[in-house]
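Notes to accompany the following structure.
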Amino acid sequence: MTVIIALAVLALDRVTKIMALSLLSPGDSISAIPGIFHLTLVLNNGTAFGLFKGMNAFFILISTAVITYIILYAWRNRPLGFAWSLILGFILGGASGNLFDRIKFGRVIDFLDFRIWPVFNVADSCITIGMILLAWKILRHKCTPSS
């Protein structure tokens, strides 16, 4: 289940990034909901918020380590419950989507722009949702793969 969720996240991320690249040039912006939501193409060679620019090799290494750890964890602890599959699938799919960009383009393709937050993408959203759910699980002391 974890791999299926991760593949769905990866597919959605790739499709949306391909659409963004076909509609926009770097720096271009299209207003979807004026003043609230725009599609703005940013090629980000850093991390969240554009921090740590130019460290692509480091982020490829970290992403690969995280992806490997999640796959091994999911394999060793199967069957996972639905919540754990969802959490790990979101993080795995998101990390894989951004890793793909870093390897292919040397940067991450961002395009979702709410103007009150740095521009981001589907992979970033899924990683964030997965991490919030993970924190919630840990804080509720339900930190076993079968829960």
Can you find a pair of side-chain heavy atoms, one from Val42 and one from Pro26, that are under 4.5 Å apart? no
Under 3.5 Å, which donor-acceptor pairs link side chains of residues 86-97 to any protein atom two or more places apart or in another chain?
residue : atom : partner : partner atom : Å
Ser96   : OG   : Leu92   : O            : 2.8

Pairing donors with acceptors under 3.5 angstrom, does anything connect the side chains of Asn45 and Asn56? no
Are Leu99 and Tyr73 co-members of a hydrophobic cluster defined by side-chain heavy atoms under 4.5 Å apart? yes
Determine whether Leu10 and Met1 fall in the same hydrophobic cluster, where Ile, Leu, Val, Met, Phe, Trp and Tyr are linked whenever their side-chain heavy atoms lie under 4.5 Å apart. no
Cut-off 3.5 Å, no hydrogens considered: what does the side-chain donor-acceptor table look like for residues 31-41, sequence neighbours left out?
residue : atom : partner : partner atom : Å
His38   : ND1  : Arg115  : NH2          : 3.1
Thr40   : OG1  : Ser29   : OG           : 2.7
Thr40   : OG1  : Asp113  : OD2          : 2.8

State plainly whether one hydrophobic cluster holds both Met131 and Leu80, where clusters connect Ile, Leu, Val, Met, Phe, Trp and Tyr through side-chain heavy atoms under 4.5 angstrom apart. yes
Leu134 side, atom CG; Ile129 side, atom CD1 - distance, nearest 0.5 Å: 13.5 Å
Grouping I, L, V, M, F, W and Y whenever their side-chain heavy atoms are under 4.5 Å apart, do Ile4 and Phe82 come out in a common cluster? no
Say you draw a straight line from NZ of Lys17 to CG of Asp13; how long is it, rounded to the nearest 0.5 Å? 3.5 Å
What are the two closest heavy atoms between Asn98 and Ala123, and how far apart are they? OD1-CB, 3.5 Å
How many angstroms lie between CD1 in Ile67 and CD1 in Ile62, if you round to the nearest 0.5 Å? 11.5 Å
Do Asp101 and Arg14 come close enough that some side-chain heavy atom pair is under 4.5 Å? yes
Once you round to the nearest 0.5 Å, how far does CD1 of Ile60 lie from CE of Met55? 12.0 Å
Result block: side-chain N/O donor-acceptor pairs under 3.5 angstrom for residues 104-111, not counting sequence neighbours:
residue : atom : partner : partner atom : Å
Asp110  : OD1  : Asn121  : ND2          : 2.8
Asp110  : OD2  : Asn44   : ND2          : 3.3

Are Phe120 and Leu43 connected in the hydrophobic side-chain network, where two residues link if heavy atoms are under 4.5 Å apart? yes
What is the distance from atom CG of Leu7 to atom OG1 of Thr2, rounded to the nearest 0.5 Å? 11.0 Å
Rounded to the nearest 0.5 Å, what separates atom CE in Met19 from atom CG in Leu21? 11.0 Å
